[in-house]
Student: 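Let me give you the structure first, and then I'll get to my questions.
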Protein chains: 2
Amino acid sequence: MFLSSVTNKVDAKGRVSVPADFRAVVAGSGFDGIVVWPSFDGQYLEGGGMALMEEYQRSLDALDYYDEGRIALQRAIFAASRPLQFDTGGRISLPKDLHDYAGLNGHVTFVGLGRRFEIWSPTAHEERAGLMRSLAKENRHRLRPVPTPLPGGGMP
Amino acid sequence: MFLSSVTNKVDAKGRVSVPADFRAVVAGSGFDGIVVWPSFDGQYLEGGGMALMEEYQRSLDALDYYDEGRIALQRAIFAASRPLQFDTGGRISLPKDLHDYAGLNGHVTFVGLGRRFEIWSPTAHEERAGLMRSLAKENRHRLRPVPTPLPGGGMP
DNA sequence: TCATCTTTGGGATAGCATGGGATAGTATGG
DNA sequence: CCATACTATCCCATGCTATCCCAAAGATGA
């Protein structure tokens, strides 16, 4: 489970250390790395392990083959996402276009969101954080116990 | 799993490098290459590994031999598709008719869509990508948890 | 305070995309 | 049936980029 927020440095080669806690989450899933794509909600990136992609795949399989929405989601997620493998030091090298999309410059903030995580420019994230806190406060009554956990789990 | 989008060059002989990540997906499946056919949805090509063809075959086997739809799909996919073997450098040589069908000129974009991929003219793809993103945003609520993972999975 | 793990830096290396020439295979015409 | 021309495939070479590997600085917890 992706938890907490960590800010790391992007070096001259475009490499970033993925937080060790995050690496532990995706460890032993066949692919030693993460998958990252530009969010369609704003100027930041979203990411997760390969298992998350497979979950998305299954979810899309539940829709009609030629459903307009299904095709759009497939294109927006799979086509835009990059599998980024860890180097021996646990870093990924962030492609330049993704780097630019998120408006990064030298530093990135990894934000754990349970099943997936986000990658923000630290300044942009801080601006957003205040807004999110008040939104969370408004919605806190919606956080309540679930009778029985679903087998296999859900999605974000 | 086919992920991300890559743009490569078509040389004077009609050869294109298939992205290394895509080659890795189809590696070790008996046939060292990909299968490509013209999409019946637009001016672009669709493709996948030989394993995808076998999946289609199984899916069609579920229909009656003389089912009208079965025959039409067989024609559109199997008859129009070309097995294209990699050369030692991981390239395929794209037949001229397919090249023309997709309106390519010098450059092609490979678009990963999970189980299969598409081959577009870079300009045409870029035009399409923006539309797909907004459609995906509208439809994102439909991406939801599936209770039980289907064994074997489905089609594209 | 020390030991261990994580993050960061930089040089070396291997893999990838691409170009061009050589060779074999196929089709066409005599 | 043979000869020619064309095409497609193979093979090698090259510039570039991404990845690997090693090493040091920093952080964390005992």
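Order of the sequence lines fixes the chain letters, A, B, ..., with proteins taken first and strands second; residue numbering starts at 1 for each chain.
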Student: Please report the closest heavy-atom contact between B:R128 and B:W120, naming both atoms and the distance.
Tutor: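 Of all heavy-atom pairs spanning B:R128 and B:W120, the closest is NH1-CH2, 3.1 Å.
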Student: Taking NZ, NE, NH1 and NH2 as the nitrogens, is one of them in B:D87 or B:K13 under 4.0 Å from a carboxylate oxygen of the other?
Tutor: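 Looking at B:K13 together with B:D87, the answer is no, because their closest N to O distance does not fall below 4.0 Å.
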Student: Check whether A:S81 reaches the backbone of A:I77 with its side chain - one donor and one acceptor, N or O, closer than 3.5 Å.
Tutor: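 Yes, the answer is positive, given that a donor and an acceptor are paired below the 3.5 Å cut-off.
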Student: Closer than 3.5 angstrom, by distance alone: can the side chain of B:R70 be matched with the main-chain N or O of B:L60 as a donor-acceptor pair?
Tutor: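 Judged by distance alone, yes, a pair lies under 3.5 Å.
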Student: Side-chain donor-acceptor contacts of residues 18-31 of chain B below 3.5 Å, not counting sequence neighbours, with atom names and distances?
Tutor:
unit_1, atom_1, unit_2, atom_2, d
B:R23, NH1, B:V18, O, 2.7
B:R23, NH1, B:G90, O, 3.4
B:S29, OG, B:V26, O, 2.9

Student: For A:K96 and D:dA18, what is the distance between atoms NZ and P respectively, to the nearest whole Å?
Tutor: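 About 12 Å, once rounded to whole Å.
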Student: Figure out the CG/P separation between A:D97 and D:dA18, and round it to whole Å.
Tutor: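 Answer to the nearest Å: 11 Å.
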Student: Please work out if B:S93 contacts a base, only the sugar-phosphate, or nothing of the nucleic acid, heavy-atom cut-off 4.0 Å.
Tutor: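 Sugar-phosphate, backbone atoms only, no base.
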Student: Rounded to whole Å, please give me the gap between CG in B:L98 and P in D:dA8.
Tutor: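 For the pair B:L98 CG and D:dA8 P, the rounded distance is 13 Å.
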Student: With the criterion being N/O to N/O and under 3.5 Å, what pairs connect the protein with nucleotides 9-19 of chain C, and how long is each?
Tutor:
unit_1, atom_1, unit_2, atom_2, d
C:dG9, OP1, A:K9, NZ, 3.0
C:dG9, N7, A:R91, NH1, 2.9
C:dG9, O6, A:R91, NH2, 3.0
C:dG10, N7, A:R15, NH2, 2.9
C:dG10, O6, A:R15, NH1, 2.8
C:dG10, O6, A:R15, NH2, 3.4
C:dG11, O6, A:K13, NZ, 2.3
C:dA17, OP1, B:A20, N, 3.3
C:dA17, OP2, B:R23, NH1, 3.0
C:dT18, OP2, B:K9, N, 3.3
C:dG19, OP1, B:K9, NZ, 3.0
C:dG19, N7, B:R91, NH1, 3.0
C:dG19, O6, B:R91, NH2, 2.9

Student: How many Å lie between CD on B:Q85 and C1' on C:dA24, as a whole number?
Tutor: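 Interatomic distance, CD of B:Q85 to C1' of C:dA24: 15 Å.
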Student: Please tell me if the side chains of A:L98 and A:R82 come closer than 4.5 Å, counting only heavy atoms from C-beta onward.
Tutor: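 They are in side-chain contact.
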